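Model, not experiment: these values are computed from the prediction.
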Amino acid sequence: MALLKLKQKAQVTIPADLRRQFNLEEGDYLEAEATENGILLKPVSVVERPQTWQEKRAAMGPVQDLNPESDLTPREKEEQIAEWVKKARRDHAARRP
């Protein structure tokens with residue numbers, strides 16, 4: 001277990017072995033969460049919104065409706081897709097250890 005010291009302006013230094021283990025570098029973001037046992041720090045990825053939208057547009061570009069002969073409205077199709085995504089997430093969560 002690593003011992004950290006709270007420094008000026010509430011800064012802490014994460015030990016080198018933990019930085020290497022979690023591939024942390026200067027400028028990386030960590031999320032702080034209050035838990036029953038203390039403070040949990042978790043590495044997170046932060047992406048600028050314009051970059052995110054650009055990546056989404058690029059990913060959606062080749063997407064095509066393979067079943068255009070549908071009686072569903074575009075909104076109903078989106079709701080159906082949302083249900084499929086929810087089911088996939090539930091199934092994935094059930095398989096996690």
Side-chain angles (χ1 to χ4, degrees):
M1 178 183 297
L3 182 63
L4 306 176
K5 181 178 180 180
L6 192 63
K7 294 185 172 190
Q8 184 180 19
K9 298 183 182 181
Q11 294 180 344
V12 294
T13 300
I14 299 174
D17 59 330
L18 289 175
R19 291 194 313 266
R20 281 191 295 273
Q21 182 179 351
F22 293 97
N23 297 321
L24 296 174
E25 297 177 2
E26 183 177 335
D28 285 351
Y29 285 90
L30 300 172
E31 178 180 76
E33 180 182 330
T35 68
E36 188 176 301
N37 296 321
I39 301 170
L40 173 64
L41 298 176
K42 296 188 283 188
V44 294
S45 296
V46 178
V47 180
E48 297 294 328
R49 285 185 179 185
Q51 178 185 348
T52 301
W53 283 111
Q54 183 179 6
E55 290 172 2
K56 284 184 180 186
R57 284 187 199 100
M60 293 300 294
V63 174
Q64 296 180 11
D65 186 355
L66 298 178
N67 190 11
E69 312 278 332
S70 174
D71 293 335
L72 300 177
T73 66
R75 183 181 180 100
E76 291 170 331
K77 287 181 183 180
E78 288 179 10
E79 290 171 353
Q80 186 179 47
I81 291 168
E83 286 301 317
W84 292 339
V85 169
K86 287 179 188 176
K87 182 184 181 317
R89 288 180 178 161
R90 283 192 303 266
D91 293 348
H92 177 72
R95 290 191 307 268
R96 279 190 285 178

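Counting side-chain heavy-atom gaps under 4.5 Å among Ile, Leu, Val, Met, Phe, Trp and Tyr, the cluster of Ile81 also holds Trp84, Val85.
In summary, Glu78 and Arg75 do not engage in a salt bridge, as defined by a charged side-chain N under 4.0 Å from a carboxylate O.
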Return all side-chain donor-acceptor pairs below 3.5 angstrom for residues 2-17, not counting sequence neighbours, or 'none' if the list is empty.
none

Can you give each donor-acceptor pair under 3.5 Å made by side-chain atoms of residues 33-44, sequence neighbours left out, with the distance rounded to 0.1 Å?
from	atom 1	to	atom 2	distance (Å)
Glu33	OE1	Lys42	NZ	3.0
Thr35	OG1	Asn37	N	3.3
Thr35	OG1	Gly38	N	3.2
Thr35	OG1	Gly38	O	3.0

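Evaluated for a side-chain hydrogen bond (donor to acceptor under 3.5 Å, both in side chains) with Gln51, the options Gln54, Arg49, Glu55 yield exactly one hit, Glu55.
Scored by the side chain to side chain donor-acceptor pair (under 3.5 Å) test, Arg90 finds no partners at all (sequence neighbours excluded). Scored by the side chain to side chain donor-acceptor pair (under 3.5 Å) test, Asp91 finds Lys87 as partners (sequence neighbours excluded). Under the rule for a side chain to side chain donor-acceptor pair (under 3.5 Å), Gln80 has no partner lying at least two apart in sequence or in another chain.
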